[in-house]
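Quick notes on the structure that follows.
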Amino acid sequence: MTMDRRRKAEIRALQEATGVTYLVAHRQILALAGVMQQHPQLNSFGIGVFDPRRKTAEQRRDELAAGREELAARVAVMMETAAWLRESITRIETPTASSYAVKHVMERVTGRYVTNGEFIAAALVAGYIFKYDQPNVLFGMSNWDLKRMN
């Protein structure tokens with residue numbers, strides 16, 4: 001199957017799963033692909049791999065590749081999370097909110113589980129200012145909004 005056919009199949013699968021139009025599904029896939037290209041260590045775990053010092057280079061590469069595949073397959077979840085973030089948390093200039101902590105706030109409020117990597121990808125797509133704090137990311141999110149939800 002050529003790359004175009006594979007991409008079209010992915011778009012149609014997302015379209016069917018979420019009920020969005022073909023164009024919207026295409027844009028969502030491109031948004032996640034762009035974030036993943038800009039952040040080559042981003043995967044379902046977060047940034048990098050779990051406990052990298054205890055793994056060989058090959059194990060780290062394999063784990064990262066598997067985590068990136070897993071993240072790429074979860075476009076719909078990531079876009080739902082990005083929409084929730086845009087509606088619920090104000091952007092600020094200083095990145096102080098940990099992705100892992102905010103992910104748990106979101107899970108309590110919405111009742112939906114997301115991985116740390118899915119949350120990070122969603123926040124990056126939503127346009128929050130960030131700073132790496134591996135395996136997490138610090139985001140410029142309003143502490144007032146976060147406290148209001150707790």
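All values derive from a computational prediction rather than experimental measurement. What you see below is based on every heavy atom in this structure, not just the backbone, and it leaves out hydrogens, waters and symmetry mates.
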* **Pair Thr90-Met141, side chain to side chain contact (heavy atoms under 4.5 Å, CB included): steps then yes or no** => CA-CA 6 Å; Thr90 306; Met141 296 179 174; over 6 Å; no
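- Counting heavy atoms of neighbouring residues, nucleotides and ligands inside a 6.0 Å radius, atom CZ of Phe50 does not exceed 12 of them.
- Both Val114 and Leu85 are members of a single hydrophobic cluster when ILVMFWY side chains are connected at heavy-atom separations under 4.5 Å.
- Heavy-atom neighbours of Arg112 CZ from other residues, nucleotides or ligands within 6.0 Å: above the threshold of 12.
- In this structure, Leu138 and Ser98 have side chains that are in contact, with non-hydrogen atoms separated by less than 4.5 Å.
- The aromatic ring centroids of Tyr113 and His104 lie 6.0 Å or more from each other.
- Summarising the local packing, NZ of Lys131 is surrounded by 12 or fewer heavy atoms from other residues, nucleotides or ligands at distances under 6.0 Å.
- Across all their heavy atoms, Arg86 and Ala126 have their closest contact at NH2-CA, 3.7 Å.
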* Asked: Could you walk me through whether Arg60 and Thr56 pass the side chain to side chain contact (heavy atoms under 4.5 Å, CB included) check?
  -> CA-CA 6 Å; Arg60 289 191 303 267; Thr56 65; 5.8 Å; no
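- Between Asn116 atom CG and Tyr100 atom OH the span is 7.5 Å, to the nearest 0.5 Å.
- The hydrophobic cluster containing Met78 does not contain Val24, counting ILVMFWY residues as joined when their side-chain heavy atoms lie under 4.5 angstrom apart, directly or transitively.
- The residues Lys103 and Glu107 are annotated as salt-bridged, a charged nitrogen and a carboxylate oxygen being separated by less than 4.0 angstrom.
- Looking at every heavy atom in both residues, Ile120 comes nearest to Pro135 through CD1-O, 3.9 Å.
- Contact record, Ala97 with Val102: CB-CG2, 3.8 Å, taken as the closest heavy-atom pair.
- Rounding to the nearest 0.5 angstrom, the gap separating the CE atom in Met106 from the CG atom in Leu146 is 12.5 Å.
- With rounding to the nearest 0.5 angstrom, the CG atom of Leu124 is 12.0 Å from the CD1 atom of Ile129.
- Without hydrogens or angle criteria, Asn43 side chain to Glu70 main chain gives no donor-acceptor distance under 3.5 Å.
- Between Gly127 and Arg91, the shortest heavy-atom distance links the atoms O-CD, 3.7 Å.
- Atom CZ of Arg74 sits about 14.5 Å away from atom CE of Met79, to the nearest 0.5 Å.
- The side-chain heavy atoms of Trp84 and Ile89, taken from C-beta on, include a pair separated by under 4.5 Å.
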* Asked: Hey, mind stepping through Asp4 and Arg7 against salt bridge (charged side-chain N to carboxylate O under 4.0 Å, His left out) and telling me if it holds?
  -> CA-CA 5 Å; Asp4 282 344; Arg7 177 60 56 98; over 6 Å; no
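- Between the OG1 atom of Thr110 and the CD atom of Glu80 there is a distance of 9.5 Å, given to the nearest 0.5 Å.
- Both Phe139 and Val109 are part of a single hydrophobic cluster, where members link through side-chain heavy atoms under 4.5 Å apart.
- Side-chain contact between Glu118 and Thr81: absent, with no pair of heavy atoms (C-beta onward) separated by less than 4.5 Å.
- Under the 4.5 Å side-chain heavy-atom criterion for ILVMFWY residues, a single connected hydrophobic cluster contains both Val105 and Val77.
- Between Phe119 and Ser99 there is a side-chain heavy-atom pair separated by less than 4.5 Å.
- Taking both residues in full, the closest heavy atoms of Val49 and Leu64 are given as CG1-N, 3.8 Å, listed atom of the first, atom of the second, then distance.
- Side chains of Leu42 and Leu71 form a contact here, defined as non-hydrogen atoms less than 4.5 Å apart.
- Within 6.0 Å of OH in Tyr132 there are more than 12 heavy atoms belonging to other residues, nucleotides or ligands.
- One hydrophobic cluster holds both Tyr22 and Leu14 under the rule that ILVMFWY side chains link at heavy-atom gaps under 4.5 Å.
- The heavy-atom pair separating Ser88 from Arg148 by the smallest distance is O-NH2, 3.4 Å.
- Between the CD atom of Glu63 and the CZ atom of Phe45 there is a distance of 7.5 Å, given to the nearest 0.5 Å.
- No more than 12 heavy atoms of other residues, nucleotides or ligands sit less than 6.0 Å from atom CZ of Arg54.
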